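Please read the structure below before turning to the comments.
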Amino acid sequence: MAPRSPLIGLSTASVYPESTAHAFGWASSLGYDAVEVMVGIDALSQQVDAVKKLSDHHQVPVCAVHAPCLLFTQRVWGTEPWGKLEKSAEMAEAVGADVVVVHPPFRWQKDYAAGFVEGIASLEARTGIAFAVENMYPWRASSRRGMQMYLPGWDPSEEDYAHTTIDLSHAAIARSDVVEMAGRMGERLRHIHLTDGTGSAKDEHLVPGRGVMRAAEFLGHLAGTGFGGHVVLEINTRRAADRAEREADLAESLAFARAHLGVTTP
């Protein structure tokens, strides 16, 4: 059987401050293959029925659900971290997604972190959903450098996860070589957040090709290894002057992904 071509998706985070509904509209009009739903402060993103209706209305499938594990989503779906992951898996199953993206625990979540690797494996076995753990980064500042804010660590290639995610903006902060990281992950690499960064301490989420992460080379590496997972554009368009500029960034990102993965536009 021939290897499956990657799905190229749009993260709903890429259209913020516009809504989850707008993200599905952009994905449909621009020709993205799928959507990743970032469960966050937008009420629509928290509602399984609403997400399913948006997917059906725009005829764009949901490839992944991003669990609410950011600092500003600490109270979305309650405060118990395992409960959030359970709800993420329930949403994924209901909308037809096969991946839940999750961050490693913060270091102050000691009980959650203590059994995280084993707990993720247990969730996968019980739900049939892949929990793709995402690379994060040391927190850097002018006064303190390299603070370890994640447990058991920010680099999932060093842990025994069955499925992983590489985010190029996070890798830029950590100054990680993403091709080498992908090599360490091997077949465990299931999901990509395609974006870019300059190597600053800020999580920039630039349009791919506008930073220093050699995003084109990375996509070529994925294509050469037969990667068949999801490549999701997760860019920051908050500073777009208007909807036309946001649309141009989303269209440029999709074209970049298709060109360097060698995937034909439908």
Side-chain angles (χ1 to χ4, degrees), residues 5-42 44-45 50-51 53-66 70 73 95 97 99 101 134 165-172 178 191-198 202-220 222-223 227 229-266:
S5 295
L7 278 178
I8 302 178
L10 177 65
S11 169
T12 58
S14 296
V15 307
Y16 183 83
E18 295 195 62
S19 71
T20 300
H22 288 105
F24 276 92
W26 288 119
S28 176
S29 65
L30 294 173
Y32 279 83
D33 300 329
V35 163
E36 175 183 319
V37 175
M38 170 74 81
V39 179
I41 56 177
D42 174 13
L44 282 178
S45 71
V51 169
K53 286 176 181 177
L54 285 168
S55 177
D56 292 343
H57 175 73
H58 291 286
Q59 297 185 15
V60 178
V62 179
C63 64
V65 172
H66 196 308
L70 305 175
T73 61
V95 302
V99 167
V101 180
E134 185 171 355
T165 296
I166 287 180
D167 181 301
L168 274 71
S169 181
H170 297 172
V178 287
H191 198 78
I192 305 297
H193 282 163
L194 179 58
T195 179
D196 217 327
T198 63
K202 296 180 180 179
D203 194 8
E204 298 168 294
H205 284 274
L206 303 178
V207 169
R210 297 185 188 176
V212 301
M213 293 307 294
R214 307 195 319 274
E217 179 184 335
F218 177 62
L219 293 181
L222 294 181
F227 177 77
H230 309 143
V231 176
V232 172
L233 276 299
E234 191 181 81
I235 63 171
N236 183 347
T237 63
R238 284 175 232 177
R239 294 185 179 179
D242 50 32
R243 286 176 61 85
E245 184 176 340
R246 175 169 289 117
E247 178 175 355
D249 283 350
L250 297 174
E252 178 183 333
S253 299
L254 176 59
F256 185 98
R258 291 203 184 283
H260 295 291
L261 283 169
V263 177
T264 304
T265 302

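Just so you know, these numbers come straight off a predicted model, no measurement behind them.
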Non-hydrogen atoms of V62 and F24 that approach each other most closely: CG2-CZ, 3.8 Å
Closest contact, heavy atoms only, V232 versus C63: CG2-SG, 4.0 Å
Sub-4.5 Å side-chain heavy-atom contact between V39 and T73: no
Evaluation steps, side chain to side chain contact (heavy atoms under 4.5 Å, CB included), between D33 and R258: CA-CA 11 Å; D33 300 329; R258 291 203 184 283; 3.0 Å; yes
Check ion pair D249-R239 (N to O, under 4.0 angstrom): no
Mutual orientation of the aromatic rings belonging to H193 and H66 [parallel < 30°, tilted 30-60°, perpendicular > 60°]: parallel
Test item: F256 and L219 side chains (from C-beta on) under 4.5 Å apart, heavy atoms: yes
Nearest heavy-atom neighbours spanning V207 and S253: CG1-OG, 3.6 Å
Matching residue for L222 among I192, L194, I166 - test: side chain to side chain contact (heavy atoms under 4.5 Å, CB included): I192
Donor on one side chain, acceptor on other, T20 and D42, under 3.5 Å: yes
Non-hydrogen atoms of R246 and R238 that approach each other most closely: NH2-CA, 4.1 Å
Backbone N/O of G209 and side chain of D196: donor-acceptor pair under 3.5 Å: yes
D203 side, atom CG; D167 side, atom CG - distance, nearest 0.5 Å: 6.5 Å
Flag, side chain of S14 to backbone of I235, donor-acceptor distance under 3.5 Å: yes
Step-by-step side chain to side chain contact (heavy atoms under 4.5 Å, CB included) determination, E247 to L30: CA-CA 8 Å; E247 178 175 355; L30 294 173; 3.9 Å; yes
For T237 against Y16, the heavy-atom pair lying closest together: OG1-O, 3.9 Å
Heavy-atom closest pair, residues W26 and L10: CB-CD2, 4.1 Å
Donor-acceptor pair, side chain of E204 and main chain of T198, under 3.5 angstrom: yes
Distance-only side-chain donor-acceptor flag, H191 / E36, under 3.5 Å: yes
CG on L70 to CE on M38, rounded to 0.5 Å: 5.0 Å
Side-chain heavy atoms of L54 within contact of V60, under 4.5 Å: no
Donor-acceptor contact below 3.5 Å, side chain S169 vs main chain H205: yes
Chi angles and distances behind the side chain to side chain contact (heavy atoms under 4.5 Å, CB included) call for V15, L250: CA-CA 9 Å; V15 307; L250 297 174; 4.0 Å; yes
